[in-house]
Structures are given as structure tokens and as C-alpha cells.
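All values derive from a computational prediction rather than experimental measurement. Order of the sequence lines fixes the chain letters, A, B, ..., with proteins taken first and strands second; residue numbering starts at 1 for each chain.
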Protein chains: 2
Amino acid sequence: MTIREVARLAEVHPGTVSRALNEQTRALVNQETAERVLRAAEELGYQPNPIARGLKTNRSYTVGVLIPDLTNPLFPPIMRGIEDRLGDAGYTLLIVNTDNDPERERSQMVAMRARQVDGFIAATARLDREVLAEAAAGGAPIVLVNRSLEDGSVAAVTVDDRHGIALAIDHVVGLGHTVVGHVAGPQNVSTGHRRYLGYLEAMARHELPAAAAQVTFADAFSEAAGARACRELIDRTDHVTAIVAANDRLAIGCYDALEELGLGCPQDISITGFNDMPFVDRLHPPLTTVRVPQREIGLVAAELLLKQLGDQDGIVGEVLLEPTLVIRQSTAPPER
Amino acid sequence: MTIREVARLAEVHPGTVSRALNEQTRALVNQETAERVLRAAEELGYQPNPIARGLKTNRSYTVGVLIPDLTNPLFPPIMRGIEDRLGDAGYTLLIVNTDNDPERERSQMVAMRARQVDGFIAATARLDREVLAEAAAGGAPIVLVNRSLEDGSVAAVTVDDRHGIALAIDHVVGLGHTVVGHVAGPQNVSTGHRRYLGYLEAMARHELPAAAAQVTFADAFSEAAGARACRELIDRTDHVTAIVAANDRLAIGCYDALEELGLGCPQDISITGFNDMPFVDRLHPPLTTVRVPQREIGLVAAELLLKQLGDQDGIVGEVLLEPTLVIRQSTAPPER
DNA sequence: CTGTTAGCGCATTCAT
DNA sequence: ATGAATGCGCTAACAG
């Protein structure tokens, strides 16, 4: 089914068919001619060939999405948000997993640019400025998800990590805890770093001590790393009664460490997570955690990208989404 | 960067560049000319434009993947398997969620065909023959995942549901259970139906009763539906000591129902699931379940598709992957 | 308002 | 072994 067959049936020139079929240019063509063309196209089940169109217009109506790992339950809802919004706008997604490997990120981006993607949404933790600049130089708009550049030169949508941690700390402090530890994430990942800063900030606001001994750093956002960091924390300061973990997986690691040490949660130590992953409401005890609006992150990221795709120079800067606290049973007042 | 710029630098005709750059046709060109072209391309950082190539060759090196819902933890590992294999082969994925809506499936498939995808991998539960036939008529190979057509006319990779259920039943029967119930999934979904058949089969093999009262049907693969079905089952036959659920989410629903009824698992009733979703090892009790090799499913599906993409007529028929039983603590011998 | 023409970047046929 | 020419399906600039 080509445009020419439609033209033959409608008895007009192919160029006219193109104009009639295109929203933008429909105005240029006579009302009833347009209708005739539309009917002909309908009848033949004509579908424009986006490949051919892209060759001419340099637009593929395709956007590249880079994520570290689809298998991480954090990402699918974000992807759904992106797809829902971008799909409505007629875009198709090319999704690739990078496993946070910089080389892979690079090569995937190059490959996608070759495929003429109109823009990128990148959820990868680190993506060096160089790669970003390179992509931007190619004229492709980029929206960052879950991270941002300090200078705000690239559009980004993130959740307010500091506020999220503050919610958790306000909660445990409100419960009566005064010695609150932090199992921090990797500091070279922006979420890890920001949550750590949020911890320091909130503790200071409450005029509570946040000594170095009260914080341990996990070298990855994994259960095992969380367990290690938690053991280390308890080793160092045995009077901690609450631990704010930088994410749910670290919190689960804390559960493991407590169990190993024969400590109970929340009787001996309260624990909070971050993300509200699926099924953390079914852990024992159900995890008190900071919920991030994942689907909305995707929606907003898509929206920002569409803006940039439309206007020549869209919005840059960062959109901060507000997290909320979900109180379950891993937190309780400290025992006297 | 076009082929012409490379041609200019290498001082040859664009046609020659095309030949030199293409594995298939490299033989047609002089050894050292080819090298010169390759070097020029390298130097300019030339990337062939797949859009233009696709227009000419009618191949996009793109495959469409239809899944019900990326948010279902079952799918991401499958997707990774598909991506890993197909990515190596130079293909890019267009992934769409259909939410099991037939109309959406249809429209997405049409849209993807318009985008000239070279083939499809479909993991959607139902996909009427009509849509399949339509796509096949367009000449695009299709591989089904997690379902198959009775007549084997379409390539499919599925896990051996009947054997999986048999593993679960052999296990609980081995533990000493004789009254084993089944919380079945929706019967209009092939996995739901096959697992039900597997239950009947295995019970018969053990010469154990499998009365209608021992089976209830959930109307969806959800926790709520599982809980409903489980309550109904226990209402009807209060002497059941083990329940084999058609998947993990139904099993979790069973947990909920037992808790509500004040029954303990596994003391009062043993429960098994199917899929081995993430975190079911952290439920209370950790769930005994049938593990399906999800990533491998993706890998094999990709492999089958590549076969069809290569040869003109590849393999059809069904590949059955073997599940394994993961024994945890939701199953125990019945109390006397 | 519509027909005509050219060309996007590439692969491929036909000459040479 | 390479150059020249053609066309994939479409849009856009230009005529009329």
C-alpha cells in the first residue's frame, strides 16, 4: 500500500494525497478532495510508511530510552508512564538496558542516533557529560530521569530525595527515636548522595547527632551490601534504635542483618526504606518506606521531551516530584 | 555523514562504498579499495543510516515485542533474554504493552507493521488467530511466548506447565498429603488451562481424588482473586491439607485467605506457587514454587525468530522449556 | 488549490 | 572491479 495507490483510487496526484493525509498540511487542500483521499486511504487500509517519511523529514517518531536494568522493579512503572504519554503522541520507544556500563551506554546511544531517534530519555545513573554533549550536539533532546546535572543544563525529572529522607526521619523522630543511623547508598550515584545529604540535613534540623559512626555506606543498592553496611553500623554504635536506609533493597538487607544478630524489627530497631517497591508491603514486618511516584516520573519525563520535540528550545532545568511516606510496621517507638 | 562523504574521502564511487561496507557484497570489491573505504568510514565516524537502508531493502532490523504489562515481574527477565540475543544480532526492539486488550493488540501490531518491523515476539495471552494470520500474511515471522496454537502452525516457546504442576504435586504427595486442592487460574488463558490439566493428570497418576469440589477457579491471576478462590475452596472441602496454586500471585492470595481464616501455613495447609517471582523467597513463609526459566524463554524465543528471519521458512512448532521446583517453607508434611 | 519535480541515503542493476 | 543510473515511499519547494 503506497501513497500512489491511494492517489490512483482518489484520482489525484500523490503529492495531494500526502498533503491531505497530513494534519499539518490538510488545510492546503480542498475540503472535498481531502475527504475523497481520506476515504480512499481508508478503503485501501493505507498506512503511511514511517521509514520513508523519516528519510525525508529526518524525524523517526521514535525515542530512545536508556535504563540500567529493566529487571529492577523500579523501572517498569516509569517505562509505562513514558510509553503511555509518548505513545499517545505517536512515538514509539526503543528501549535498551545498559547495566550501567558506560561503554554500553555510549554504543547504544550511537546506535540509536544512527536509527534517527528524535530524542532520548535516560535513566542511567551516570552518563558522562561527554556522552550527553555528544548526543546533544546531534540535535537530539534529552531528558534525564532520576538524576540531574548540577548546572541544570539538561532537562531532568527526579524525586525530591532530601525531602523523602526528611519524611522518614521526621517519622522516626516523632516516634521518639534520638539515635538514628543511616545505611547510605553508593555516593557516586546521585540518589545515594542526595539521600545522604538529606539525612544530614534532617538530623541537623532536629538538632540530633549525626556522627560519622552512625552512617555506613553500601557499595551497591543490593540486599547483600545493605546487610553488610547494617552489620557494620550496629557494630560501631550499638545504641542505634532506628535505621533509615537509602532504598528498599538496602532496607531488606538490614532485615537480614538484624535477623542474623538476633535483633527484632521494630522492637529493637526500626527500619525505613525508599521507593516502595512491589511486595515490600508483604515483608515481615511490612516495610515503612518512602513512596516515589514512578509512573508519574515517566509521564513528566515524556511531557518534557515532547515539549523539546515541539518547540525548538523547550524547557530545561529540573522537575522535582514529591515523594510520600508510607507507614507500615517496621517502625515503632523505641523501647525504654 | 553520508555514504557520499566517505566516497569522496576514499576517492571512489558511492556505490563502491556501499559494497565495501556491506559484509555480503565486500567480495565484489578489490581488497585494497575495500580497506581504503573502511578506513575512510572509520575516520569520518560514518554510521550507515538504517532508515535509508530499510527503505531500499524492506528490512528495518527492528522487531516488535508485544507484552501484556511490563509491570508484571514475570516479563522483564524475558525481555532481557530477548534483548540480549536480538541485540547481539543487530536488532532493536520496539516494545509495547497491550494490557491484554485485543483492540490494542491489533492496533499496535498494525502500527508496528507500518514501521516495517521484521518480525514479532508476542507474549500476550490471547491473540486471536485473525490478528496472527493478518500479521503472518504481511510476511512477518512471529514467535509466541508463554502460549501456543494447538496446531503448532506458529513458532512458540512455552514452559511445560503440566510438568511444572506435576513437580509441585509430586512434592506435596511425597510429603504425605492426600487431599490436594487446586486454585486454578482463568481458563481462557492457556497457562491457566494447562496447569489445571496438569493438576488433573498428576492427581490421577497418584490415584488420588481430584473432585470438582477440590478445585476453584480464580477469574484473574491476582492476589485478590486467589484469596477469593482459596476461601471458596476451604469452605467447600475443609479437609484439604495442601493447595497447589496456578501461580505465585494466586498463592499469595491463598496466604491472605489462610491468615483471615486463622489457619497457618504450612502447619494447617501447605501451599505452592508457580513462576518464582522476585521476593517470594521473602514472604512468610518463603514460598515453595515452580521456577520457570524466564530469561531462557526470551533467549530461545529470540533464537527462533532469528532462524525465521534468516532462512525463508524457519522452524515452527513449540519449544517446551522445563521448569524446576524450588522447595521453601510453605510446604510441610500434613499434621496428623 | 493541485500537479510537477527533486531528493532524503542507500542498495542494486546494468554498463563499462 | 568499479562507475552510472534507478528507485524504495514520501515530503517539500516550486509552478501553474
Side-chain angles (χ1 to χ4, degrees), chain A residues 1-38 40-41 44-62 90 111 113-118 138-139, chain B residues 1-38 40-41 44-62 90 110-118 138-139:
Chain A
M1 267 312 94
T2 82
I3 214 171
R4 261 191 289 275
E5 319 213 31
V6 179
R8 195 176 318 144
L9 182 59
E11 297 180 307
V12 292
H13 191 274
T16 307
V17 174
S18 172
R19 283 184 284 248
L21 258 31
N22 214 310
E23 286 291 352
Q24 319 280 348
T25 50
R26 175 144 340 138
L28 299 177
V29 60
N30 185 306
Q31 181 82 25
E32 37 178 300
T33 314
E35 274 167 27
R36 189 148 38 90
V37 170
L38 254 24
L44 295 176
Y46 169 78
Q47 290 284 125
N49 180 334
I51 305 274
R53 174 183 310 186
L55 190 58
K56 185 71 187 173
T57 60
N58 273 319
R59 308 203 73 202
S60 60
Y61 279 90
T62 278
R113 289 222 292 140
R115 280 186 187 271
Q116 308 291 121
V117 299
D118 297 336
Chain B
M1 268 312 95
T2 82
I3 214 171
R4 261 192 290 276
E5 319 213 30
V6 178
R8 196 177 317 143
L9 182 59
E11 297 179 307
V12 292
H13 191 272
T16 307
V17 174
S18 173
R19 285 183 282 247
L21 257 31
N22 215 310
E23 285 292 351
Q24 320 281 350
T25 51
R26 178 146 334 142
L28 299 177
V29 59
N30 184 306
Q31 181 80 24
E32 37 178 301
T33 313
E35 274 167 26
R36 188 148 40 90
V37 170
L38 254 24
L44 295 176
Y46 169 78
Q47 290 283 126
N49 181 334
I51 305 274
R53 173 180 304 170
L55 190 57
K56 188 72 189 171
T57 59
N58 273 322
R59 309 203 72 201
S60 61
Y61 279 91
T62 278
V110 170
M112 290 181 137
R113 288 222 292 139
R115 281 187 186 271
Q116 309 290 124
V117 300
D118 297 335

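Across all strands shown, B:Pro14 has no heavy atoms under 4.0 Å from either base or sugar-phosphate atoms.
To the nearest 0.5 Å, the span separating OG on B:Ser18 from NE2 on B:His13 amounts to 11.0 Å. If you take CZ on A:Arg19 and CG on A:Leu21, they are separated by 12.0 Å, rounding to the nearest 0.5 Å. Once rounded to the nearest 0.5 Å, the distance linking CD1 of B:Ile3 with CG of B:Leu44 reads 12.0 Å.
With sequence neighbours excluded, the residues satisfying side-chain contact (heavy atoms from CB on, under 4.5 Å) with A:Arg53 are A:Pro48, A:Thr57. Among residues two or more places apart in sequence or in another chain, the side-chain hydrogen bond (donor to acceptor under 3.5 Å, both in side chains) test is passed with A:Thr62 by B:Arg115. Taking A:Arg8 as the reference, nothing meets the side-chain hydrogen bond (donor to acceptor under 3.5 Å, both in side chains) condition, with sequence neighbours excluded. For A:Tyr46, there are no ring pair (Phe, Tyr, Trp, His ring centres under 6.0 Å) partners at least two apart in sequence or on another chain. A:Ala111 meets the side-chain contact (heavy atoms from CB on, under 4.5 Å) test with no other residue; sequence neighbours excluded. Under the side-chain contact (heavy atoms from CB on, under 4.5 Å) criterion, A:Ala10 pairs with A:Val12, A:Arg36, A:Val37, A:Ala40, sequence neighbours left out.
Atom CD of B:Glu11 is surrounded by 12 or fewer heavy atoms from other residues, nucleotides or ligands within 6.0 Å.
Within residues 17-34 of chain A, the residues approached by DNA chain D to less than 4.0 Å at the level of any non-hydrogen atom are A:Ser18, A:Arg19, A:Asn22, in residue-number order.
Sorted by first then second residue, the side chain to side chain donor-acceptor pair (under 3.5 Å) pairs that include residues 23-34 of chain B, not counting sequence neighbours, are B:Gln31-B:Glu35.
Regarding B:Glu35, its CD atom lies at a distance of 15 Å from the P atom of D:dA1, rounded to whole Å. Rounded to an integer number of Å, the gap from CD of B:Glu11 to C1' of D:dT2 is 15 Å.
Using a 4.0 Å cutoff to heavy atoms of chain B, the contacted part of DNA chain C runs 5' to 3' from C:dC8 to C:dT13.
The heavy-atom pair separating A:Val29 from A:Ala34 by the smallest distance is CG1-CB, 3.9 Å. Considering all non-hydrogen atoms of both residues, A:Gly54 and B:Ile51 come closest at C-CG2, 4.4 Å.
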N/O to N/O distances under 3.5 Å, protein versus nucleotides 5-8 of chain D:
unit_1: D:dG7; atom_1: N2; unit_2: B:Lys56; atom_2: NZ; d: 2.9
unit_1: D:dG7; atom_1: N3; unit_2: B:Lys56; atom_2: NZ; d: 3.0

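Of the two residues near DNA chain C, B:Ile3 and A:Arg36, the one whose nearest nucleotide lies more 5' is A:Arg36.
Over its length, the helix from C:dC1-D:dG16 to C:dT16-D:dA1 turns its helix axis by 40°, as judged from the five terminal pairs at each end, rounded to 10°.
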